[in-house]
Amino acid sequence: MSSHVAIEKVGETKLREVWSIEDFSRRHRICKEEEVRLKKLFGDFATKQELLSNAQRPPLFR
């Protein structure tokens with residue numbers, strides 16, 4: 001089933017926020033190697049959605 005999406009409301013989501021990759025890495029406890037990989041991929045800044053989709057963290061098992 002499809003629904004109507006208002007273009008005005010698409011830009012209002014929090015996923016479109018532009019974040020510094022350094023800030024994102026610090027907040028999400030991403031290692032330096034992954035931070036360097038993200039910087040090579042996007043530069044110094046990227047949207048939150050791009051960072052959440054592409055960041056890789058190893059699982060933390062007990």
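This one's a predicted model, so the numbers in the text were calculated from it and none came from an experiment.
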Exercise. What is the distance from atom CZ of F45 to atom NZ of K39, rounded to the nearest 0.5 Å?
Worked result: 9.0 Å
Exercise. Are any non-hydrogen side-chain atoms of W19 and T47 less than 4.5 angstrom apart?
Worked result: no
Exercise. Does a side-chain heavy-atom distance below 4.5 Å link I21 with L51?
Worked result: yes
Exercise. Are L41 and I30 grouped together when hydrophobic residues (ILVMFWY) are joined by side-chain heavy atoms under 4.5 angstrom apart?
Worked result: yes
For this session: Nearest 0.5 Å please: distance from the CG atom of L38 over to the CZ atom of F24.
Result: 7.0 Å
Exercise. Is the closest side-chain heavy-atom distance between Q56 and R37 below 4.5 Å?
Worked result: yes
Exercise. Are the side chain of R57 and the backbone N or O of H28 linked by a donor-acceptor pair below 3.5 Å?
Worked result: yes
For this session: Using atom types as modelled and distance alone, determine if a side-chain donor or acceptor of E35 lies under 3.5 Å from a backbone N or O of S25.
Result: no
For this session: May I ask you to decide if C31's main-chain N or O and E34's side chain share a donor-acceptor pair within less than 3.5 Å?
Result: no
